[in-house]
Amino acid sequence: MGSNTFIEVDSYQFSKNGTHVCGDVFLSRKVKDENRVIAILSDGLGSGIKANVLATMTASMALNFTIENQPIQRTAETIFNTLPVCGTRKIAYATFTIIDIDCDGETRIVEYGNPSCMIFRRGELFHPEWKQIAINRKDTRDKSMFITSFISEKEDRIITFSDGISQSGMGTKNMPFGWGINDINKFAKNQIQRNENISASALAKNMVMQAWKNDLMKPKDDTSCGVIYFRNPRRMLLLSGPPYNSENDKKLASIIESFPGYKVVCGGTTSQIISRELNKDIQVGLSPNILGLPPESKMEGVDLLTEGILTIGKVSEILENYNGEDINQDSPAHKIVKMFFESDEIDFLIGTRINNAHQDPSLPVELEIRRSVVKKIIKLLEDKFLKKINLEFI
Amino acid sequence: MEKKIKVKICIGTLCYVMGGSELQLLEEHLPEELKKRVDIEGSICLGFCNSNEDEKPPFASVNGKCVSRASITKLINQIKKELEDGLH
């Protein structure tokens, strides 16, 4: 598969109408040392908090056991023995799908109780061979898991979803037995044909939105979809801070000039250095009070030019509090976050010169040190958003 | 035609947190008769904060002259002064 393939993982979900908490849980983790990506979807029995607890426990156990390379049978048995037994139904039950992809593209999928996932290769459904594995449990009819492994190729997509999707629309005139696997296949194929570059996040959202429409905008069950997409990385460069040695100013300018992808500069002094080195003017806008942030500026060849530490601090805050909602605000910090989300591989080039004027103890607000805020952002992007990050101090 | 008075408002971090964010509203507060005679623009750090120990942010400049601890009133006064000086 090569190192220049990026694995995009994203999901979207709706809770059953009338519940505030979703009983499906989608978790994903990038194991950096092993260059491995693991994604889990679990659907807990019932709905609401009870289902969420079951699904969260199942998903976290499945994730952690998979990271530790535990045999799948032991993983499954441990999960079933640990789950609390439902008071009304007298069984402990949550489904799971485990998708485990290693650095060579070797992909292993284990399914228990969820609708079978769809794999698309070159626009067509791809059917790897599935093996059935029995599990030792007496309390349910669901006594087997299905497992497959194959080598993923670039542009492959794996789509996993909960039964809220396949059963959406059930009981309506158009689809008395629900949406159904065949029509879901057709829908997904059509989505990919219409836009062959459709991102994992957009595809997951479209699937869930269609199920929501099937259910006449009142989902009858928790509805979730997770998508994994192997593709060319989209790159972004974020520059902030003047180089410690001003001899490096030229290097900074030439890096930004030749970079392929989004280019963002945070910081007035940094912008001035680039403006001077590349001989390009800066146009500064005035726009009072966009969420308490100084306005952005413009320079030819740079996608976004913002103030430094306040904006970066806000970016960190947005990433920390982000919970899957759409980003509609238009502040410079929100624009940076949107670019992060649209990129897979993000280079941070951080200047380490300290601005003396920021160190005055009589300032009304605490201005954090750039380096520590950037490190926090990087940790969030890596752990929460699975982005590939390169960090260089200059 | 009369040359316009050029006002630059620093939007650098320091000036912004010290009250410069309010200065962006200057145009709304300008008396009618001044509005057509003034050009207002933002500016990346004007450099006053690190070069002048005695003066305090927020900074702005009116026709290139530094205004420290700038407020909307202070800027309007400075603009009026520039206009008067221009007459002599």
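The chains referred to below are lettered A, B, ... by the order of the sequence lines, with proteins before strands, and numbering in each begins at 1. All heavy atoms count here, side chains included; hydrogens, waters and symmetry mates do not.
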Tell me whether B:E41 at atom CD has more than 12 heavy atoms from other residues, nucleotides or ligands lying less than 6.0 Å away. yes
Count the heavy atoms of every other residue, nucleotide or ligand shown that sit under 6.0 Å from CG of A:N279, and state whether that count exceeds 12. no
Partner of A:L286 by side chain to side chain contact (heavy atoms under 4.5 Å, CB included), out of B:I11, B:L25, B:L26, B:L23: B:I11
Between B:I44 and A:S271, which heavy-atom pair has the shortest distance, and what is it? CD1-CB, 4.1 Å
Near A:Y322 OH, under 6.0 Å, is it more than 12 heavy atoms from other residues, nucleotides or ligands? yes
Looking at B:V17, B:I9, B:I40, which makes the most heavy-atom pairs under 4.5 Å with chain A? B:V17
Please state whether the side chain, the backbone, both or neither of B:S43 comes within less than 4.5 Å of a heavy atom of chain A. backbone
Is B:K6 atom NZ crowded by more than 12 heavy atoms from other residues, nucleotides or ligands, each under 6.0 Å away? no
Residue pair B:Y16 / A:L310: nearest heavy atoms and the distance that separates them: CD2-CD1, 3.6 Å
When rounded to the nearest 0.5 angstrom, what is the spacing between CG in B:L14 and CD1 in A:I309? 12.5 Å
Minimum heavy-atom distance between A:Q272 and B:C45, given as atom pair plus value: NE2-O, 3.1 Å
Under 6.0 Å from the CD atom of A:E300, do we count more than 12 heavy atoms belonging to anything else shown? no
In this structure, are over 12 heavy atoms from other groups packed under 6.0 Å from B:R69 atom CZ? no
